[in-house]
Amino acid sequence: MPALSGKDASSAADYHRQRPGGGVYRARDVAAGRPIGPTGTTWFTQQTERSFMTTPMVKTRFAPSPTGYLHVGGARTALFNYLFARRAGGQFVLRIEDTDQVRSTAESAAGILADMQWLGLNWDEGPAPGAAKNQYFQSMRLELYNQFIDELVRQGRAYEAYETPAELAAMRQQAEREKRPFRYRRDMPGRAQSRIGSGPAVLRFEMPRKDIVISDLVLGQVIVGADEHDDIIIRKSDGFPTYHFAVVIDDHDMGITHVLRAQEHLMNTPKHLALYDAFNWTPPEHGHLPLVFNMDGTKMSKREKARTARAAVQAATPKGQKPDLETLAANTGVAPDALAAFMAKKNDDAQIAVTVAAFMRTPLPEIDVQDFRRSGYLADALLNFVALVGWSPGGNQEILARPEMIDKFLVEGIGKTNGRFDRKKLLWMNGQYVRDQSLEALLAALESFLQVTDYPLARADGPTRLALLEMYRERTGTLAEMAENSRFFFEEPTIDPRAFEKFVINNDGAQLLQTSRKILEPVTPWNVQTLREPVEQILALGEKRGAAAQPIRVAVSGGSVTPPVLEMLALLGRETTLRRIDQTLANVKAT
RNA sequence: GCCCCCAUCGUCUAGAGGCCCAGGACAUCAGAUUCUCAGUCUGAAUACACCGGUUCGAAUCCGGUUGGGGGUACCA
């Protein structure tokens, strides 16, 4: 009864009735548990229907399909479900939806688990990382699905259909030509009545010819008309259930009470509600989240990486010429055939994109959680940022620690408008986290970052990392930025010719450097304390304070931008400092 | 095409009929601090898509227009 209602049972007009205090009911009223609609159904009564006279335990889930890496959008969905469950003192389930045998991979599932762990979105039930597939993988639950499929068949609600994909495509095209919507229905004319020559049949679920009312936690009531549904496939010809079927069985079987998912699923909800209804189950509450796009309004898709990589190759190719793919293949180690297909946009292989972009020294846009991890974002910062796209705690606070987010996470705070992913703001927020985090936490984050990247900083010991962190945290947005900028501590710098010219050759640079060297030379031992006075002397050199800092920067780091001279030299060490100054002085003579 | 959702500064948002000639944050610009870069602090500029209606009063309620988005798979 709760899932469906007849055409005249409910309407938008009913929904917008006056409420006692004036105004009309809105989504937030639904969320707040106030009565809506003619039946007066409330969140609470639905709960008690489910578990009679017991306190309803909130249970949410995140159910990705392992067909790629964990996307930031998916991470946000996971976060919302996590926050909702935690706030309610309930459980958070992770389930892997691998009913697509062709596209699902074990590596992808493992990657998603790793990303979830990195984000710290801990699940109460789900796969055990590193262990074999368990019952939280849909591919392990075929028996359960078949059981319920059989029941639908017995009820006469499911039937075999014999059209091949090609035939269906033709029917759709035909319908489009005739400017009429295509709906697959059991009673439609021209349905294939036998399986002759068409391979294994699929099983379809006969959708009810009724309006279906969705009571959405964030959108309010959405009514999908009786003519809009078609009979969905619930079992594919490979014997696997479709998403629509498995999701309903599992959410019910696992006792899921609330489903927060992306708005792209909104039109799937009627199908799911009809299935719940067929089994006489109370459906979970659904809430559809607004989507997140790039700043330019395009989708944040993995395709972007491929596009960026291709563009880099094109940009490096002289005008009017074709890119030299053979050379590129040889240089990158990508198979020539695969590379050609990639460049011809025949595939958007992420691995090829990454390899090509790395060779072209082109940064790729961050799309997946691990991209952000490799770019040196902190998990908490990423989560904090992403939480604020489509959700607001109300008020003016923007930086929220995990417990605060949990405490303030109300469905009423979830917005309806699609958002855009503002990387500039994420960068700012990450900087805030880098600065505010305890040094121990930062060190742990750095550790995790270095595991998935390849920077010379990884060679540094604990005390050195700590010193670097203290030196850079005030001036860095991401860990990657710090790792990149601190290279010169670990390897010989390449001298930026423009900086060399400006600060060493000109402006008395060589002279200042010479004098600076004399001041530094006798310092032993070599540490922040012993260097403080000498460095002060150096900074006082020249008519403007700090005039002598730049030649040293260039000599020691190769460029004109570094942390403060004192700390930098102290960490660099006496030997390296003097050697690089001497080297630079020698270079001056050579010019 | 058809169905559905949405609409406040460039971006994320606050806003539940008078508290709003609209608040915060990022970004932008200007200034201060400073050995570079950053950071920090101060200040400036910038929005209720449009048209009707309801009301003493509308960013807030209703209708339409326009714009954006989603769906329309043997993908999830």
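Per chain, numbering begins at 1; letters A, B, ... match sequence-line order. Reckoned from all heavy atoms, side chains included, excluding hydrogens, waters and symmetry mates.
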Which nucleotide in the set [options] lies at the smallest distance from any side-chain heavy atom of [X]?
X	options	result
A:Asn268	B:A76, B:U36, B:C35	B:A76
A:Asp100	B:C35, B:C75, B:C5	B:C75
A:Lys424	B:C74, B:G71, B:A27	B:A27
A:Arg475	B:C26, B:A7, B:U36	B:U36
A:Leu266	B:A25, B:C3, B:C4	B:C4

Pairing partner of [N] (Watson-Crick or G-U wobble, both distances under 3.5 Å):
N	value
B:G52	B:C62
B:A30	B:U42
B:C19	none

At 4.0 Å (heavy atoms only), tell me whether [X] reaches a base, stays on the sugar-phosphate, or touches nothing.
X	value
A:Glu398	base
A:Lys299	sugar-phosphate
A:Val222	sugar-phosphate

* Structure fact -> Heavy-atom nearest nucleotide on RNA chain B taken for A:Thr476 and for A:Ala549; more 5' hit belongs to A:Ala549

* Stepwise side chain to side chain contact (heavy atoms under 4.5 Å, CB included) test for A:Ile399 and A:Tyr433 -> CA-CA 9 Å; A:Ile399 306 281; A:Tyr433 271 82; 4.1 Å; yes

* **A:Ile223 CD1 to B:C2 P, straight-line distance once rounded to whole Å** => 20 Å

* Asked: CD of A:Gln101 versus P of B:A76: gap in Å, rounded?
  -> 10 Å

* Asked: Does the side chain of A:Gln397 come under 3.5 Å of the side chain of A:Glu404 through a donor N or O and an acceptor N or O?
  -> yes

* Using distance alone, with no hydrogens and no angle criterion, decide if A:Ser139 and A:Lys133 have a side-chain donor and acceptor under 3.5 Å apart. => yes

* Heavy-atom donor-acceptor pair, A:Arg180 side-chain to B:C2 base, under 3.5 Å -> no

* OP1, OP2 of B:C5 versus side-chain N and O of A:Thr417: anything below 4.0 Å? -> no

* B:A76 phosphate, OP1 or OP2, under 4.0 Å from A:Lys236 side-chain N/O -> yes

* Among A:Leu569, A:Leu512, A:Thr577, the one residue meeting side-chain contact (heavy atoms from CB on, under 4.5 Å) with A:Ile552 -> A:Leu569

* Between A:Phe409 and A:Phe80, is the gap from one ring center to the other below 6.0 Å? -> yes

